Amino acid sequence: MEHGEKRLDPFLYKEGELFCESVPLRAIAEAVGTPAYVYSASAIEARYREFDDALSAIPHLVCYSVKANGNLALLEALSALGSGFDIVSGGELFRVMRAGGNPAKVVFSGVGKTAEEIAEALRAGILMINVESAAELEVVERSARELGVRAPISLRVNPDVDPRTHPYIATGLRDSKFGLPIADARAGYRRASRSPNLEIVGVSCHIGSQLTTLDPFEDALKRILRLVADLEGEGIKLGYLDMGGGLGIRYKDEDPPPPARYAAALAALVKPARVTLVIEPGRAIVGNAGVMLTRVLYRKNSSGRDFIVVDGGMNDLVRPTLYGAYQEILTVRTPAPERVKVDVVGPVCESGDFLARERELPPLCEGDLLAVLGAGAYGFSMASNYNARRRPAEVMVQGESFRVVRQRETYLDLVRGESPLSSERRGNE
């Protein structure tokens, strides 16, 4: 088995080159430049179907988490498969609608929704708003009253379960900013049940991201199901149980459960409750369906430390800097067996601008192409224009062809909407 085959089916070495499906990555780099994000359409579809098929025995809705990767072409492809969407902002709702997504399959999460965003969601007719505080419940009720509608709501419950993940992406602990403690949620449901402008449709939770074991999911679900049963005993019937997302992927040596085993564990617990299960996979659908292509600019040795300077930086892919995350790096040409220890660093003026530290890679030359794996999720979606750098192009591969689904930004894009004071003065003269 060649290097990399065990990691990602759509990214394989053939004929001395790394391919995405049936397209050599070198051809994409030559056509669109670097850095660039490349996604496999077949891998995205296959992963979505894994989740959807695994839950076929129970009422369910797979809501792709838009924050992982909100490219319109990707959202359009998932919508065509029947996917719903988990959004966390008005901008993400706009993206879903622009891509032809069905608003009746949209759930709106997030701890800081504005009144404007809530009104936009109500006007669009989304499935439910996952309310995260008593104060937000008041705003949702007021917006519904002003619009003359009943707002479909669930309360996001914080089950206080340790997800055993990076603290920055743990969202279900007692001291998390997200959700309501179970005791507060009970009071919130009673409050909502008395309002003519609120329609209780479900309950939601999300305990964290990049989880690699089932125990935290099962623990959280059992706690939520007890709440569901207690509320039903009070006459408050919940139709949807939204378990959020969080299933991890393999970046290095993680061994997360496959979607089928994850779904089977949830389905077994949910089935007796007679509710529709909602799940919100994001990373697990797109993470390993994408790479970031970057080109070696320079080799540098400083005080005995070897640096490989590439044209992709922390503004393009921030996970290594932000989380200390490991993402495997492959050469686009078939690698030599020899290995040298190097730091792979970007051009951004920050010491924290790196893609890998003390990584063993084949000897590299200026101009060589590298592929950073696991970049389909939280890659472009977290990119920025720091150092006035243009955000990369995005490319979707389908079989033997590829299409640019987002053009590389231009310098004019960097200043769009801005104007120097001198221009304002001239305009006022």
Side-chain angles (χ1 to χ4, degrees), residues 6-9 43-69 78 81-86 105 107 109 130 156-159 161-166 169-173 178-179 202-226 228 240-290 374 376-378:
K6 63 182 181 298
R7 169 57 64 84
L8 292 172
D9 290 339
I44 292 167
E45 177 177 349
R47 197 64 162 172
Y48 170 82
R49 290 192 186 279
E50 278 189 75
F51 283 101
D52 196 37
D53 292 346
L55 290 171
S56 60
I58 64 169
H60 71 278
L61 177 62
V62 179
C63 287
Y64 168 72
S65 182
V66 177
K67 61 180 177 290
N69 186 327
L78 288 170
L81 294 171
S83 179
F85 298 95
D86 164 51
K105 292 183 177 181
V107 298
S109 307
N130 292 338
R156 177 169 172 175
V157 176
N158 183 336
V161 169
D162 184 356
R164 304 172 211 165
T165 188
H166 192 287
I169 49 178
T171 58
L173 293 169
F178 297 98
V203 61
S204 71
C205 77
H206 178 80
I207 58 175
S209 295
Q210 187 53 16
L211 278 66
T212 56
T213 62
L214 290 176
D215 290 349
F217 290 112
E218 293 174 321
D219 189 5
L221 180 52
K222 289 174 183 176
R223 299 184 190 198
I224 300 301
L225 285 170
R226 285 196 292 270
V228 170
Y240 292 90
L241 194 161
D242 183 352
M243 272 301 293
L247 184 65
I249 63 173
R250 185 182 175 199
Y251 287 106
K252 185 181 182 182
D253 52 10
E254 302 92 339
D255 188 24
R261 188 147 55 90
Y262 159 81
L266 298 187
L269 292 171
V270 165
K271 191 171 185 179
R274 303 183 306 279
V275 294
T276 296
L277 177 65
V278 179
I279 60 170
E280 302 169 357
R283 186 195 316 263
I285 288 178
V286 298
N288 279 337
Y378 304 106

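Here the structure is a predicted model, which is why all the values come from computation and not from measurement.
- Residues Tyr262 and Glu50 have side chains not in contact (no heavy-atom distance under 4.5 Å, counting atoms from C-beta outward).
- Under the 4.0 Å criterion applied to side-chain N and carboxylate O atoms, Asp86 and Lys67 are assigned as salt-bridge partners.
- Here the CG atom belonging to Asn288 is positioned 12.5 Å from the CD1 atom belonging to Ile285, to the nearest 0.5 angstrom.
- The distance from the CG atom of Leu214 to the CG atom of Leu266 is 7.5 Å, given to the nearest 0.5 Å.
- Contact between Asn69 and Gly376 at its shortest, heavy atoms only, is ND2-O, 2.9 Å.
- The two residues Cys205 and Arg156 have their closest heavy-atom pair at CA-CG, 4.3 Å.
- The shortest non-hydrogen separation linking Ala265 to Glu218 is CB-OE2, 3.5 Å.
- Contact of the Arg283 side chain with the Ser209 side chain is registered, since non-hydrogen atoms from C-beta on lie closer than 4.5 Å.
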Stepwise side chain to side chain donor-acceptor pair (under 3.5 Å) check, Asp52 with His60: CA-CA 8 Å; Asp52 196 37; His60 71 278; 2.7 Å; yes

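- To the nearest 0.5 angstrom, Ser204 atom OG is 7.0 Å from Glu280 atom CD.
- Closest approach of Ala54 and Ala263 over heavy atoms only: CB-CB, 3.5 Å.
- Between Arg47 and Pro259, the shortest heavy-atom contact is NH1-CD, 3.5 Å.
- Contacts of Lys222 classified as side chain to side chain contact (heavy atoms under 4.5 Å, CB included), with partners at least two apart in sequence or in another chain: Arg226, Leu269.
- The two residues Ala284 and Ile249 make their nearest non-hydrogen contact at CA-CG2, 3.7 Å.
- How far CG of Leu221 is from CE of Met243: 5.0 Å, rounded to the nearest 0.5 Å.
- With rounding to the nearest 0.5 Å, the separation of OG in Ser83 from CG in Leu81 is 7.5 Å.
- Side chains of Tyr240 and Val107 form no contact here, defined as non-hydrogen atoms less than 4.5 Å apart.
- Leu241 CG to Ile279 CD1: the interatomic distance, rounded to the nearest 0.5 Å, is 12.0 Å.
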